[in-house]
Amino acid sequence: MIVRLVGNVERHLDADRVREIVCTVMRERAGRRRLAQALHDDPSLLRTGRPPAPFCVARLLMALREAGAQDIALPRCGECGRGRPYVGSRSGGRWGCSPCFDKPAVCAGCRQQRRVVSRDRNGGPRCAKCPDTTGDPLAELTRLVTAVDPVLTADTVRSALERATVRTAGQRRLAWAVIAQPDLLTGAGYDAPTPAVLRFIGELVQAGATTVVNPACFRCQEVKTLSKLLDGKRVCRNCFARNSAVPCIRCGAIREPAARDAEGHPLCPNCLVSDPVNLEECRGCGRRQKVAVRLPDGPRCANCRPRNATQCGICGRTAVCEISRVTGDPWCNRCQLRWTPCSGCGTVDHVRGGTWDAPLCAKCTNPDPDFWGRCPVCRTTWQLSTRPCQRCALDQLVRDLLGGDTGTIRQDLVPLYEALSGAERPTSTMFWLSGSKVSILLQQIGRDERPVTHKTLDELPTSKVLAHLRSVMVATGALPPRDERFVVLEGWITAAVQARTDPTERRILHGYAVWHHLRRLRRRLGKEHTTHLQALNVRCHVTAAANFLDWLAGNGLTLSDCTQADLEHWTSGSEAAYQDETGHFVRWSVQHHHARGLTYLQLYACPASGGHPHTDLVQ
């Protein structure tokens, strides 16, 4: 859109050149979107150059004019209205030129209203005729540093100062800051007024200082690069991110915002890169995907990015590998996902080094604590990223699912919570919990105010997920053990009996299935659980009885009306399935006076006759 709008105005630059300028001026996609939105809302900015407008428009106008554009207007000062080749930014989109921005002030030397050129050691304004010449701050700084740390020489201090900041005015400000607060050199560097002071301290430490030390973070007390300013104190990047963490408007993850949507709501990095606006067409597969790498021919997704097959430094097999940032050696996807006890400390964790037979965790691979980041939740996991570790993320996920509306885990669900959150491989557990059926089921259990019992779970729709979850709850002690096969068999028999429409048939089948088979099975089991073959045997007998009753009803007969000729007719027909089990039902019916005068003819193969069928009377 930007290239098209600029091309509608400028005739002296081709589209490729304009695209190159736009990508140079605004390197970030979010910045290019803001620029496109501003030009879309007011395309006349390219011809007039008049603020108010976002400062990115002024940067584009200046870059286009510098590249040789003639039809594009120069950015105009918001104060004097003149077109200027360079303007500075000001809040509210009122950019302007230096004469209008540089407001005069009372000089601390001559007390006249003049243009401010520099500042003295007290921060007072100075004009061009009244520089602060009180003493030599660089010489004072050199004497102070050499007195604090005798190992350092004057030349070393001067060299460190020149590497910390190049401008003379910046060197004076640095010297005045250290002279006013000498303890900045010995550990209080988190109070440094400018980042140049921290660079100066780092150069002195690199030069071999013993008394001058790098300052620790004001929040976590760890010696790291203090790149952020928080409440007037210099802090590390991790502490600043934790302080800035807010819930993502889309996924709810509490992290430092990577960007904000059109309404100003925060977005975490994952949601930012997954936003449909940020998807780009992959040059490999042609689909709109998240950009994994940018090559000279265009963006590539994770599946299409180039990967070379090489020998893994851990398992030794030849596969598609990536270079490990920990060891610098190639490692394959299988080793990246592997969880196993560390051969050094015995902790079950991700493999980060070693060999396949002697794997090492992160701490044993590189014991330097400064090399690793920390999980912002537990502060114990050694990892490269500053995101919550997988175990803490799993703990939060289980709490969200089982906590209900209050977020508190009920006492009867504590064993299940501890089992899920304490799983040996949190990656596999998170993958299982991410399924929609599992998450919905756990949310239902967490929101139900009744105690979790087998009866409560029986009220839920039957599914494989529910069966697996029940077994997990039994294994963790959240539920008492129960013979699940027997319970399922009882439910199946109840459904089979209720399916009979004739009351007499329902009574006969109920007596045969419940009072004969289930009672005998209970007595035989005792304290043991039902096996698969035992349950299958009962099902086959009940199915055979139901099929025989259906055949009788289809021929206008009942069990009490069935004669020997009818039984032999069924035996010789094509519908005679489960003959052994049906014979058992016939004998039971005769014994319990549901049928009379029936003798079941059972066919079997006689070995003495060479396998030919023989008939035996079974009464």
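To the nearest 0.5 Å, the span separating CE on M26 from CG on L60 amounts to 9.5 Å. Atom CG in D183 sits 7.5 Å away from atom CG in D191 (nearest 0.5 Å).
Environment of NE2 in H12: crowded, with over 12 heavy atoms of neighbouring residues, nucleotides or ligands closer than 6.0 Å. Residue R115 places its CZ atom among 12 or fewer non-hydrogen atoms of other residues, nucleotides or ligands, all under 6.0 Å distant.
Pairing each heavy atom of L230 with each of V235, the nearest pair is CB-CG2, 3.8 Å.
Side-chain polar atoms of D349 and T347 form no donor-acceptor pair below 3.5 angstrom. A donor-acceptor contact closer than 3.5 angstrom is absent between the side chains of S244 and E256.
Ring orientation note: the planes of W339 and H350 are tilted relative to one another, at an angle of 30° to 60°.
By the 6.0 Å and 45° rule, R334 stacks over the aromatic ring of W356.
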TODO: Would you sort out whether I21 and T24 count as a side chain to side chain contact (heavy atoms under 4.5 Å, CB included), showing the intermediate values?
DONE: CA-CA 5 Å; I21 295 172; T24 303; 5.7 Å; no
TODO: Walk me through it: do Q181 and L184 pass the test side chain to side chain contact (heavy atoms under 4.5 Å, CB included)?
DONE: CA-CA 6 Å; Q181 193 176 355; L184 294 175; 3.8 Å; yes
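Residues R234 and F218 have side chains not in contact (no heavy-atom distance under 4.5 Å, counting atoms from C-beta outward). Looking only at side-chain heavy atoms (C-beta outward), R173 and T194 stay at 4.5 Å or farther from each other. Contact of the P257 side chain with the C268 side chain is not registered, since no non-hydrogen atoms from C-beta on lie closer than 4.5 Å. Annotation: side chain of C315 is in contact with side chain of C332 (closest heavy-atom distance under 4.5 Å).
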